[in-house]
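Since the structure comes first, as structure tokens, the remarks are kept for the end.
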Amino acid sequence: MPSTALGIDAQYRALREEAGLLDRSGRARLTVTGGEAAEFLQGQLTNDVESLEPGEGCYAALLDRKGKIRADMRVLRIAADELVLDTEPEAGDLVRRHLDMYRVGRDADVGAGPEDTVLLSLIGPRSRQLAGDVALAAEHSHAEAGIGGTRCRAVATDLGVDLFVPGGGAELRAHLLDAGAEQIEEAAAEIARVEAGRPRLGREIVEGTMPQEAGINERAVSFDKGCYIGQETVARLHYRGKPNRHLRRLRPEREVGSGDPVHAGERQVGTVGTAVLSPAEGPLALAILRREAEPGARVIVGTGTPARVEEIP
């Protein structure tokens, strides 16, 4: 579909009113198997992986020893001895190298996800209906499903349903489009993400970002589990300190660009991570800003665009 403004408007309307279909097969997937797979990941990632039952999942991060985010990912427990990690394309090799280095002596094997499996994202209010009303509970819960004669794994997301499809997914893609899904581009999905206030690795989450700064503590960090890499710093900041930066949404008076500096007075307080033009809300952006740029404050983006700082919805 062409990337014209009219095209994006139509795609946005589809994912807000019906269901948009986006191919996200470029994301990196790893499998971790073995009798100690969950216990091993428990000591590497920020969330409570070991407590997951088959059919459950969680969002988690991989940190360095100073508590900075190296990667974030979705963790799906397929069976007692099998878990799948789904992460951004640029993080796949990093995560695999890290896990390979630390798994020595463990009954845990790390492998690439099946190369012939595609990831189709349904985004919008009709997503679950188009996915055959598969019984999914909380975000990241998942189950085997049969949709239009194709077997796949359906995973609940914050905005719809993701489908992991073996064998290329052409038949399922055609079935979903025939059933009323509208093919969309990533640009339309990014508008929905910014409206929802969800940060993304490589955009808002960059080198040096801590979980609390990115606003992902509640979703990605367990403070009740045992030790993991970077835990001490994350726990100390959570219980005793105040982060110097926070994830904020910006409402500029006109369009701005990703990477634009954000100033409060003479001081630069951050950089735009993602900037979009929402057909419903106008120009929007996400940025991690220094704490003096509080919600309600006025800042300048780029070379002179006024913007209001907002709390993440």
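The first residue in the sequence is number 1, and the count goes up from there.
A donor-acceptor contact shorter than 3.5 Å is absent between the side chain of Arg128 and the backbone of Val161. The main-chain N or O of Glu50 is found under 3.5 Å from a side-chain atom of Gln42 such that the two form a donor-acceptor pair. Distance alone, capped at 3.5 Å, places no donor-acceptor pair between the Thr233 side chain and the Gly230 backbone. Thr305 places no side-chain N or O within donor-acceptor distance of the main-chain N or O of Gly302, the cut-off being under 3.5 Å. Although no hydrogens or angles enter the test, the distance criterion places no donor-acceptor pair under 3.5 Å between the side chain of Thr271 and the main chain of Asp260. A donor-acceptor pair under 3.5 Å is absent between the side-chain atoms of Arg290 and the main chain of Ala293, judged by distance alone. With Arg29 contributing its side chain and Thr117 its backbone, the two residues share a donor-acceptor pair below 3.5 Å. Put simply, the side chain of His142 never gets that close to the backbone of Ala156: no donor and acceptor are under 3.5 Å apart.
No side-chain heavy atom of Leu119 sits under 4.5 Å from any side-chain heavy atom of Leu163. With a 4.5 Å cut-off on side-chain heavy atoms, Val276 and Leu286 do not count as touching. Here the side chains of Val118 and Leu172 are not in contact, with every heavy-atom distance at 4.5 Å or above. A 4.5 Å side-chain heavy-atom check between Leu63 and Ile69 finds at least one atom pair inside the cut-off. With a 4.5 Å cut-off on side-chain heavy atoms, Pro306 and Arg254 count as touching. Here the side chains of Thr209 and Val206 are in contact, with some heavy-atom distance below 4.5 Å. Here the side chains of Ile78 and Arg153 are in contact, with some heavy-atom distance below 4.5 Å. Residues Leu76 and Phe164 have side chains in contact (heavy-atom distance under 4.5 Å, counting atoms from C-beta outward).
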Might you work through the side chain to side chain donor-acceptor pair (under 3.5 Å) test for Asp81 and Thr33, ending with a clear yes or no? CA-CA 5 Å; Asp81 59 353; Thr33 57; over 6 Å; no

Residues Ser278, Val194; criterion side chain to side chain contact (heavy atoms under 4.5 Å, CB included); working and verdict: CA-CA 9 Å; Ser278 165; Val194 171; over 6 Å; no

Stepwise side chain to side chain contact (heavy atoms under 4.5 Å, CB included) test for Leu284 and Leu250: CA-CA 6 Å; Leu284 294 173; Leu250 296 174; over 6 Å; no

Between Ile147 and Cys152, does a side chain to side chain contact (heavy atoms under 4.5 Å, CB included) hold up when you go through it step by step? CA-CA 8 Å; Ile147 305 171; Cys152 61; 3.8 Å; yes

Kindly indicate, with the supporting measurements, whether the criterion side chain to side chain contact (heavy atoms under 4.5 Å, CB included) is fulfilled by Arg106 and Glu39. CA-CA 9 Å; Arg106 294 278 198 161; Glu39 179 186 355; 3.5 Å; yes

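In summary, Glu311 and Arg248 engage in a salt bridge, as defined by a charged side-chain N under 4.0 Å from a carboxylate O. Ion pairing between a basic and an acidic side chain is recognised when a charged N comes within 4.0 Å of a carboxylate O; Glu88 and Arg27 show such pairing. Taking a cutoff of 4.0 Å between a charged side-chain nitrogen and a carboxylate oxygen, Arg251 and Glu281 qualify as a salt bridge. Ion pair Glu253/Arg298 flagged as a salt bridge, since at least one NZ, NE, NH1 or NH2 atom sits closer than 4.0 Å to an Asp/Glu carboxylate oxygen. Comment: Glu18 engages Arg126 in a salt bridge, judged by a side-chain N to carboxylate O separation of less than 4.0 angstrom.
Looking at every heavy atom in both residues, Leu15 comes nearest to Ala189 through CD2-N, 4.2 Å. In plain terms, the two heavy atoms of Ala179 and Leu130 that are nearest each other are O-CD2, 3.6 Å. Of all non-hydrogen atoms in Leu289 and Gly270, the two that sit nearest each other are CD2-CA, 3.9 Å. The shortest heavy-atom contact between Val269 and Ala264 is CG1-CB, 3.8 Å. Looking at every heavy atom in both residues, His246 comes nearest to Pro243 through CE1-CG, 3.4 Å. Nearest heavy atoms, Ala214 versus Ile288: CA-CD1, 4.0 Å.
Hydrophobic clustering of Ile, Leu, Val, Met, Phe, Trp and Tyr side chains at less than 4.5 Å, counting indirect connections, unites Leu41 with Met101. Linking ILVMFWY residues whenever their side-chain heavy atoms come closer than 4.5 Å, directly or via other members, leaves Leu62 and Leu201 in distinct clusters. Val309 and Leu247 are not part of a single hydrophobic cluster, where members link through side-chain heavy atoms under 4.5 Å apart. Linking Ile, Leu, Val, Met, Phe, Trp and Tyr whenever their side-chain heavy atoms come within less than 4.5 Å leaves Val84 and Val110 in two separate clusters. At a threshold of 4.5 Å between side-chain heavy atoms, the hydrophobic network of Ile, Leu, Val, Met, Phe, Trp and Tyr places Leu120 and Val155 in two separate groups.
One distance of note links CD of Gln183 with CZ of Arg173; it measures 7.5 Å at 0.5 Å rounding. Taking NE2 of His140 as the start and CG of Asp162 as the end, the distance is 10.0 Å to the nearest 0.5 Å. Taking CD1 of Ile123 as the start and CD1 of Ile184 as the end, the distance is 4.0 Å to the nearest 0.5 Å. Taking CG of Leu99 as the reference point, atom CG of Leu94 lies at 9.5 Å (rounded to 0.5 Å). To the nearest 0.5 Å, atoms SG (Cys58) and CZ (Arg74) are separated by 11.5 Å. Put simply, CG on Leu85 and CZ on Arg96 are 11.5 Å apart, with the number rounded to the nearest 0.5 Å.
Counting heavy atoms of neighbouring residues, nucleotides and ligands inside a 6.0 Å radius, atom CD of Glu232 does not exceed 12 of them. Heavy atoms from other residues, nucleotides or ligands lying under 6.0 Å from CG of Asp64 number more than 12.
Taking the six-membered ring for Trp and thresholds of 30 and 60 degrees, Tyr239 and Phe223 have ring planes more than 60 degrees apart, a perpendicular arrangement.
Looking only at atom types and distance, the side chain of Glu204 has a donor-acceptor partner in the side chain of Thr274 under 3.5 Å away. Side-chain atoms of Asn47 and Tyr59 form no donor-acceptor pair, as typed in the model, at a separation below 3.5 Å.
Identified under the side chain to side chain donor-acceptor pair (under 3.5 Å) test for residues 212-225, with sequence neighbours left out: Glu213-Arg245.
Contacts of Leu277 classified as side chain to side chain contact (heavy atoms under 4.5 Å, CB included), with partners at least two apart in sequence or in another chain: Glu255, Pro283.
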